Protein chains: 2
Amino acid sequence: MKTGSVSPEESALLALQRATHATLHRLATELVDLDLTSSEINALANLADGRGRTVSDLGAAIGTKPTTLTGVLDRLERRGHITRGTLAGDRRSVLIGLTPSGRTAADAIRQTIDTFERRVLASLGPEKVAAFHEVLRALTEESR
Amino acid sequence: MKTGSVSPEESALLALQRATHATLHRLATELVDLDLTSSEINALANLADGRGRTVSDLGAAIGTKPTTLTGVLDRLERRGHITRGTLAGDRRSVLIGLTPSGRTAADAIRQTIDTFERRVLASLGPEKVAAFHEVLRALTEESR
DNA sequence: TCACGGAATCGGATAATACTGTTCCGTAGT
DNA sequence: ACTACGGAACAGTATTATCCGATTCCGTGA
């Protein structure tokens, strides 16, 4: 008998967007002390692992064009959170790195994210979380 | 050590945002004929079921403040896609409805979304999709 | 050397988002 | 009935996000 759907299940994409809005807003609220916008938080969170990244790579990770990042990175640089270096081997590329203050901010962001995620995801169990990631991956992949 | 995670599992929130960006962009690209922005598409998609909604309700569904919607709705109204009526029983509220052209656009949006979702989700199986929704719901709930 | 293409930025345009204040309306208290 | 309070939406304003086209600088191959 067709799918044994328990409920009519709202559109996955709409639910996805709502969840993103909600979590983003929540993050910005909890991290209000840092005085950063959502995009800046997002950029720093993606840089938190310490690996340098080019603007293009960062844009691909976040989902925006390099053009969009220029302004965000300008502000982060002006605040002393990031540095713009040259990539060894290709001087066309700009290597984004964290300054000490940027690292502090990024660590705070990651910790806030981790705490939030653990709190929410722990009660659901690893299988569901794994399925969640799998679906996200599929949606992202198929959007290219 | 620590969790026997198969892979380091990137942050769920970062993956969530990337997926949202990617799918939104994909939608806007596929629906370029409609000449609508992401927010407009989002609003129409949420109205597609034909139930009228107040601005506040719509904002809650999308994840933005009513203030933000005013401009979006202005444009949709100017294009003849929506109407602003009064809510029976409370004349403070504005009831957003679809015009025929708005319904056409909304239907096209829903169909594009449905097709995309089916294509991506069908291969994953209903359990994973259900888990996906459950995690989304938990993340959204906990963000209040 | 020179033409081509990639990476990032700049200039300029539009949209998204939200804060504050205002208007209109509903409700409760007197 | 009158008034006070609060909710809903909008107007005004400011900041940010996003991107397109053009430009600059650089790497690569002919």
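Side chains included, hydrogens not; waters and symmetry mates left out as well; all remaining heavy atoms used. What you see is a predicted model; the values in this text were computed from it and never measured. Naming convention: chains lettered A, B, ... in sequence-line order (proteins, then strands); numbering from 1 in each chain.
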S.K.: Please give, in whole Å, the distance from D/dA9 P to B/E77 CD?
M.R.: 14 Å
S.K.: Atom NZ of A/K65 and atom P of D/dG21: how far apart are they, to the nearest Å?
M.R.: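 Computing the A/K65:NZ to D/dG21:P distance gives 11 Å.
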S.K.: Donor-acceptor pair, B/H133 side chain versus A/E10 backbone, under 3.5 Å?
M.R.: yes
S.K.: Using OP1 and OP2 only, check whether a side-chain N or O of A/R91 sits under 4.0 Å from D/dG27.
M.R.: yes
S.K.: Not counting sequence neighbours, which residues clear side-chain contact (heavy atoms from CB on, under 4.5 Å) with B/T104? List them please.
M.R.: none
S.K.: Where along nucleotides 6-16 of chain C does protein come under 4.0 Å, by heavy atom, of base (B) or sugar-phosphate alone (S), with - for untouched nucleotides?
M.R.: BSSBBB---SS
S.K.: Whole angstroms only, please: what is the CG-P distance between B/L76 and D/dC10?
M.R.: 12 Å
S.K.: Figure out the CG/C1' separation between A/L24 and D/dA17, and round it to whole Å.
M.R.: 12 Å
S.K.: Checking A/T115 now: which residues fulfil side-chain contact (heavy atoms from CB on, under 4.5 Å) with it, not counting sequence neighbours?
M.R.: A/Q111
S.K.: What are the two closest non-hydrogen atoms of B/L34 and B/A105, and how far apart are they?
M.R.: CD1-O, 4.1 Å
S.K.: Without decimals, in angstroms, what is the distance between A/H25 NE2 and D/dA17 C1'?
M.R.: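 A/H25 atom NE2 is separated from D/dA17 atom C1' by 16 Å.
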S.K.: Which residues pass the side chain to side chain donor-acceptor pair (under 3.5 Å) test with A/D57, sequence neighbours left out?
M.R.: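 Partners of A/D57 under the side chain to side chain donor-acceptor pair (under 3.5 Å) test: A/T54.
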S.K.: Backbone N or O of A/N42 within a donor-acceptor pair of the B/Q17 side chain at under 3.5 Å?
M.R.: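 Between the backbone of A/N42 and the side chain of B/Q17 there is no qualifying donor-acceptor contact (under 3.5 Å).
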S.K.: Check each residue of residues 28-36 of chain A for a non-hydrogen atom within less than 4.0 Å of any atom in DNA chain C, then write out the ones that pass by number, or none.
M.R.: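 Contacting residues: none.
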S.K.: Distance-only check: which donor-acceptor pairs under 3.5 Å involve side-chain atoms of residues 68-76 of chain A, not counting sequence neighbours?
M.R.:
unit_1: A/T70; atom_1: OG1; unit_2: A/P66; atom_2: O; d: 3.4
unit_1: A/D74; atom_1: OD1; unit_2: A/R84; atom_2: NH1; d: 2.9
unit_1: A/D74; atom_1: OD1; unit_2: A/R84; atom_2: NH2; d: 3.2
unit_1: A/R75; atom_1: NH1; unit_2: A/E40; atom_2: OE2; d: 2.5

S.K.: Closest heavy-atom contact between B/E117 and A/L13?
M.R.: OE2-N, 2.9 Å
